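Quick note: numbers below take in every heavy atom, side chains included, and nothing from hydrogens, waters or symmetry partners. As the structure is a computational prediction, the values presented were derived from the model and not from experiment.
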Amino acid sequence: MCSSWFSQSQTLSTMHGGGFVDGAIERSKRDRAIMLQKQKEDAEAKEKHVIELLTMMDTDGDALISFPEFLKSLENEDIRDYITALDVDVDDAKLFFNMLDRDGSGTVDIMEFTSGMRRFRGDAKSVDMHMLLYESKRLFKLVCCLVGTMCGEVEDEDVLGPGTPDEDECSD
């Protein structure tokens, strides 16, 4: 009788615990779906705000922002508030505009503007910093190779510093 009671008790406990775990898994899935939906809605709202911002900055209505339009728009408190709300920091207007103007045309179209504002949103992440370091090293190598080619092979580490590429690396 005791072993039968123990067996039934264990079966009930397992069934109850299994239901609890299944319920927790379902709630977790539902919570994750709600979180993803909220992130999607937030991203869509930010895109809408970026397009509204572009429209406010485009004073001549040509769907492009010139540097003078950009500078003038930064004087508008509503536009500055919009930019701040998007979590973008514009300390150096000329540099910021040039980074938005990916094709170097002197104007920023809607694609450049929306993708740029998305890229510049928030703080720099570790991956951003590592990508920057990687590109800097690659450019340093290229410049050293060009200097070596133009000036004859420069062997002196005092001139170029330690870690300069050798001839084999320059031929890549």
If two hydrophobic side chains count as joined below 4.5 Å and joins carry through other members, does Phe97 share a cluster with Leu95? yes
Got Arg80 and Glu77 here, is their nearest side-chain heavy-atom distance under 4.5 Å? yes
Exam field: side chain Arg102 to backbone Glu112, donor-acceptor pair closer than 3.5 Å: no
Should Phe113 and Leu53 count as side-chain neighbours, where that means a heavy-atom distance under 4.5 Å? yes
Could you tell me the separation between the CG atom of Asp109 and the CG atom of Asp103, rounded to the nearest 0.5 Å? 6.5 Å
Under a 3.5 Å distance rule, please check whether Asp31 uses its side chain to pair with a backbone N or O of Met35 as donor and acceptor. no
Indicate, with yes or no, if Ile51 and Leu64 share a hydrophobic cluster defined by side-chain heavy-atom contacts under 4.5 Å among Ile, Leu, Val, Met, Phe, Trp and Tyr. no
Could you tell me the separation between the CD atom of Glu52 and the CE atom of Met56, rounded to the nearest 0.5 Å? 8.5 Å
Nearest atoms (heavy-atom pairs only) where Leu71 meets Ala93: CD2-CB, 3.8 Å
Is a salt bridge present between Lys38 and Glu41, judged by a nitrogen-to-oxygen distance below 4.0 Å? no
Output for pair (Thr59 OG1, Phe70 CZ), nearest 0.5 Å, gives 13.0 Å
All heavy atoms of Thr107 vs all of Asp101, minimum pair found to be O-OD1, 2.9 Å
Find the distance between OG (Ser115) and CG (Leu100) and round it off to the nearest 0.5 Å. 8.0 Å
Linked, directly or transitively: Met111 and Phe96 (ILVMFWY side chains, under 4.5 Å): yes
Interatomic distance, Leu139 atom CG to Leu146 atom CG [nearest 0.5 angstrom]: 10.5 Å
Gap separating the CG atom of Asp60 from the CD atom of Glu69, nearest 0.5 angstrom: 4.0 Å
